[in-house]
Amino acid sequence: MTAAYDLRTRAKLWDAGFAALRGYFRAEGMVEVSTPWCVDEVAIEPYIEPVRAGPGFVITSPELWMKRLLCAGVGSSFQVAHVARAGEVGERHAPEFHLAEWYRVPGSLSDLQADVEAIVEAVGSQVAAVGGQPRRIDRWERWDFFELFGRTTGVEVVEGASMAALRDLTNDLGAPLGVAPLAERGPLPEEVEALWLWSALLSVWSDAALQPWLEDHLGVGVHLEGFPPSLAALSIVRGGRARRSESFAFGLEIANGYEELRDAPEQRRRFERVNALRGFHGDPPLPMPERFLASLHTGDGLPECAGMALGLDRVLMIAASVNRLADLSMTSLAR
């Protein structure tokens, strides 16, 4: 593994990463946009906590604002945004980071996954040209959520699993890690309980089984798809599965994307469900993003599209062969 780079080299590596991203998206015919970073409404997603900025928030993602542009007819577009999320601290997590986000109109999960593969390759090539030492991915694989869950745990879980079964399975996986058993929360509205339990299972599985499996397959890039509907967030659900994709490389989650939900009432219900979950955890509700929801009713609304968010900091970690964000980031300038 490479030692930390000095600041002059880091600047060159970041410049190469930005150039690779923008070069790829522009070659694909996408328009670069810039949306607000200090806002009064954010997407209400499970366990993503925005950072307060005066009466509003620093964006956790430019998603809502880019989708409003799509509703206005901007078409396929991309942005490299500086975002912040509270509480995300560690060697591979930082409260502030660079998020490359793009939308294809129209688009599919397969399109987004191909984009991720091409971007990782493009960033690696440009970073190598200025002194980086990229780790190369031998191949990419696509895995269904339920199939990979069974492969890594030896336990079958199904979409219609009972709440009791989800709780027991989460507790069984978490016990060796020292994770406290899930409390009995009832009575909860069924959809809120399903969101809570599937989210808890995903989190514990990721730590207990998925991460070790990924670290045993470091040369393999992984696209995980076919999530349970309770974990759909802002994606459509088709055939009983959320059209959502998460991408991993060298043990790092690097991207998360959706075939986007265009139904405003359903999106409102999902936001309300997350706010209800926040309440059960003792957290205050986040403001309903009314202007975003209203935009879904404007004109023809949100066009059929697919969107992906990619953590540029983590892709640069792969391209520069470092295991810690601190060995590559420029945040030391603010300390």
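This chain uses plain numbering: 1 for the first residue, then up along the sequence.
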Could you go through S76 and E28, starting from their C-alpha distance and side-chain angles, then the distance that decides it, and tell me whether this counts as side chain to side chain donor-acceptor pair (under 3.5 Å)?
CA-CA 9 Å; S76 296; E28 291 293 303; over 6 Å; no

One thing to verify: whether R241 and E225 come together as a salt bridge, which I'm taking to mean a side-chain N less than 4.0 angstrom from a carboxylate O.
no

Closer than 4.0 angstrom, basic N to acidic O: yes or no for E290 and R268?
yes

Ring pair (Phe, Tyr, Trp, His ring centres under 6.0 Å) against W213, all qualifying residues, sequence neighbours excluded:
W143, H217

Residues two or more places apart in sequence or in another chain: which of them pass side-chain contact (heavy atoms from CB on, under 4.5 Å) with R262?
L302, E304

Yes or no on side chain to side chain contact (heavy atoms under 4.5 Å, CB included) for V322 and L316, after CA distance, side-chain angles and deciding distance?
CA-CA 9 Å; V322 299; L316 278 175; over 6 Å; no

With sequence neighbours left out, what residues match F25 under ring pair (Phe, Tyr, Trp, His ring centres under 6.0 Å)?
F78, W102

Are the side chain of D168 and the backbone N or O of A165 linked by a donor-acceptor pair below 3.5 Å?
no

Distance in Å, L218 CG paired with F248 CZ, rounded so as to fall on 0.5 Å steps
13.5 Å

Between atom CG of D115 and atom OG of S247, what is the distance when rounded to the nearest 0.5 Å?
10.0 Å

Distance-only donor-acceptor pairs under 3.5 Å for side chains of residues 62-70, two or more places apart:
unit_1 : atom_1 : unit_2 : atom_2 : d
E63    : OE2    : K67    : NZ     : 2.8
K67    : NZ     : E260   : OE1    : 2.6

Residues passing the salt bridge (Lys or Arg N to Asp or Glu O under 4.0 Å) test with R142, sequence neighbours excluded, are E117

Those residues at least two apart in sequence (or on a different chain) that pass side-chain contact (heavy atoms from CB on, under 4.5 Å) with A249 are I137, W140, I254, I318

Could I get the full list of side-chain contact (heavy atoms from CB on, under 4.5 Å) partners for N171, not counting sequence neighbours?
R167, P181, L182

On a heavy-atom basis, which atom in A242 and which in S235 lie closest, and how many Å separate them?
CB-OG, 3.7 Å

Reported CG-to-OG distance for the pair L328 and S321, which is rounded to 0.5 angstrom
10.5 Å

Any side-chain heavy atom of N275 sitting closer than 4.5 Å to one from L286?
yes

If you compare all heavy atoms of G307 against all heavy atoms of L112, which two are closest, and at what distance to 0.1 Å?
O-CD1, 3.4 Å

Listed by chain and number, what are the salt bridge (Lys or Arg N to Asp or Glu O under 4.0 Å) partners of E266, not counting sequence neighbours?
R269, R270

For the backbone of S61 and the side chain of R85, can you confirm whether one donor and one acceptor N or O come within less than 3.5 Å of each other?
no

Would E45 and V274 count as a side chain to side chain contact (heavy atoms under 4.5 Å, CB included) here? Give the steps.
CA-CA 6 Å; E45 299 182 76; V274 178; 5.6 Å; no

What residues form a side-chain contact (heavy atoms from CB on, under 4.5 Å) with P189, not counting sequence neighbours?
V192, F280

Output for pair (L231 CG, W198 CH2), nearest 0.5 Å, gives 7.5 Å

Any link between L312 and Y5 through a network of hydrophobic side chains (Ile, Leu, Val, Met, Phe, Trp, Tyr) touching at under 4.5 Å?
yes

Return yes if a side-chain donor-acceptor contact under 3.5 Å exists between Q79 and T35, otherwise no.
yes

Ring pair (Phe, Tyr, Trp, His ring centres under 6.0 Å) partners of F145, counting only residues at least two apart:
W205, F227

Applying salt bridge (Lys or Arg N to Asp or Glu O under 4.0 Å), can you list everything that pairs with E246, at least two apart in sequence or on another chain?
R244

Check salt bridge (Lys or Arg N to Asp or Glu O under 4.0 Å) between D172 and all other residues, then give those that pass, not counting sequence neighbours.
none

Which heavy atom in R10 sits nearest to a heavy atom in A326, and how many Å separate them?
NH1-O, 3.2 Å

